[in-house]
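Reviewing the structure listed below.
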2 protein chains.
Amino acid sequence: MDISSEYLAHEILDVVPIIMRTIRREMRSHRGPDLSVPQYRAMNFIRNHPGASLSGVADHVGLTLPSTSKLVDGLVGRGLVIRQESELDRRRVDLKLTQQGDSILVAAYQHTQACLARMLTGLSPGDREEVIAAMGVLRPVFSPVTEEAAPGEEHE
Amino acid sequence: MDISSEYLAHEILDVVPIIMRTIRREMRSHRGPDLSVPQYRAMNFIRNHPGASLSGVADHVGLTLPSTSKLVDGLVGRGLVIRQESELDRRRVDLKLTQQGDSILVAAYQHTQACLARMLTGLSPGDREEVIAAMGVLRPVFSPVTEEAAPGEEHE
DNA sequence: TATTGTTATACTCTATAACTATA
DNA sequence: TATAGTTATAGAGTATAACAATA
């Protein structure tokens, strides 16, 4: 009764997207209607990399520099991000979240966690241990080596 | 040593998006560069609901009817989808994948499954059982009641 | 000369409004 | 009159090209 890697992959491909759909829906419901997905992703990156450059954000969200510049314009205009000239290299801009920007991300995360927790209330102690164990097994398999995890990682 | 629902939710929120990032990246790499995300999602829906109406696709991908009409135009123009007038109600259009459209989705799925399987080769028999068990626990928790699962479900 | 970022312009995507055809 | 879908027009978002400022 060996379990093949192919069957494992099949099960993961079956279940993970289903879970992700709930995560996305709940994140989205608290993102506010006026915040696009790329803007939300940019804010998450800035949250995990305070003082990030515009190029860093552009790389992460996968947009060109001009597009990212305009995207950040919108976030600055709404008071969610601070853009200030770097001290060391005056070509660069340092990006940080405002407290309001941070609050939006934290609230979205907490809302989603609470929603998932409610859905999981029916699980037995044995089921819970199984899930925790599996997450512990899968985390190192899929963790990118270059990046640290953080509360506001990718959800879109 | 009870495991709280909140902690469970936290672990899932930590690991599932990390796995999803790999799934998305691999799916995308075989989607072909000329197929947008909404088009890809529309094709998956049509694959799982052969003969679907335009309205059904629009509901699923979350676009308006006019936008979906144009989106399907592109898929029909590239020979990936067949659009034909319904026999029963001549206002409706029945949508189906062409064999080529189907092949693209199948290839993307198989490529992704193979990639994940390679990443999972290092897991011990015990780890594998743990993961399979956890997927079995989580599937009914997050499965939508109205929809059946299928090979080409959501990946974007 | 190379790098960081912005401005100018064009194109794609999506939405709202108006319309056609069928029920 | 209501419903399924298309066509017309307008507004976001994104890309490429050209530019300004700094290293």
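So you know, we letter chains A, B, ... as the sequences are listed, proteins then strands, and number each from 1. Only heavy atoms go into these numbers, but all of them, side chains included; no hydrogens, no water, no symmetry mates.
B:Pro17 and B:Ile12 get closest at one heavy-atom pair: CD-O, 3.6 Å. When every heavy atom of B:Gly101 is checked against every heavy atom of B:Met43, the shortest pair comes out as O-CE, 3.5 Å.
Contacts of B:Ser86 with the nucleic acid, taken as non-hydrogen atoms under 4.0 Å apart, are absent. Counting non-hydrogen atoms under 4.0 angstrom, A:Leu95 reaches nothing in the nucleic acid. A:Thr68 comes within contact range of no nucleotide atom at all, as no heavy-atom separation falls under 4.0 Å.
Residue A:Ser69 places none of its side-chain N or O atoms closer than 4.0 Å to OP1 or OP2 of C:dG5. Listed pair B:Ser55 / D:dG5 meets the phosphate criterion, a side-chain N or O lying under 4.0 Å from OP1 or OP2. Considering only side-chain N and O atoms, A:Arg83 lies under 4.0 angstrom from the phosphate OP1 or OP2 of C:dT6. Taking only side-chain nitrogens and oxygens, B:Thr64 never comes nearer than 4.0 Å to OP1 or OP2 of C:dT14. Using a 4.0 Å cut-off, some side-chain N or O of A:Arg90 falls inside it from OP1 or OP2 of D:dT22. Taking 4.0 angstrom as the limit, B:Ser67 places a side-chain polar atom (N or O) nearer than this to OP1 or OP2 of C:dA15.
Nucleotide D:dA12 holds its P atom 16 Å from the CG atom of A:Leu75, rounded to whole Å. Note: CZ (B:Arg92) to P (D:dA2) measures 20 Å, nearest angstrom. Regarding A:Lys70, its NZ atom lies at a distance of 23 Å from the P atom of C:dT4, rounded to whole Å. Whole-Å rounding puts the B:Leu65 CG to D:dT7 C1' distance at 12 Å. Computed from coordinates, the A:Leu54 CG to D:dA20 C1' distance equals 15 Å when rounded to whole Å. Between the CD atom of A:Gln84 and the P atom of C:dT4 there is a distance of 19 Å, given to the nearest Å.
The listed nucleotides are C:dG5, D:dT14, D:dG5; the one nearest the side chain of A:Leu63 is D:dT14. With distances taken from any side-chain atom of B:Pro66 to the nucleotides D:dA8, D:dA23, D:dT14, the minimum falls on D:dA8.
Ring orientation note: the planes of B:His60 and B:Phe45 are close to parallel, at an angle under 30° on the 30°/60° scale.
A distance-only check finds a donor-acceptor pair linking the side chain of B:Arg128 to the backbone of B:Leu123 [under 3.5 Å].
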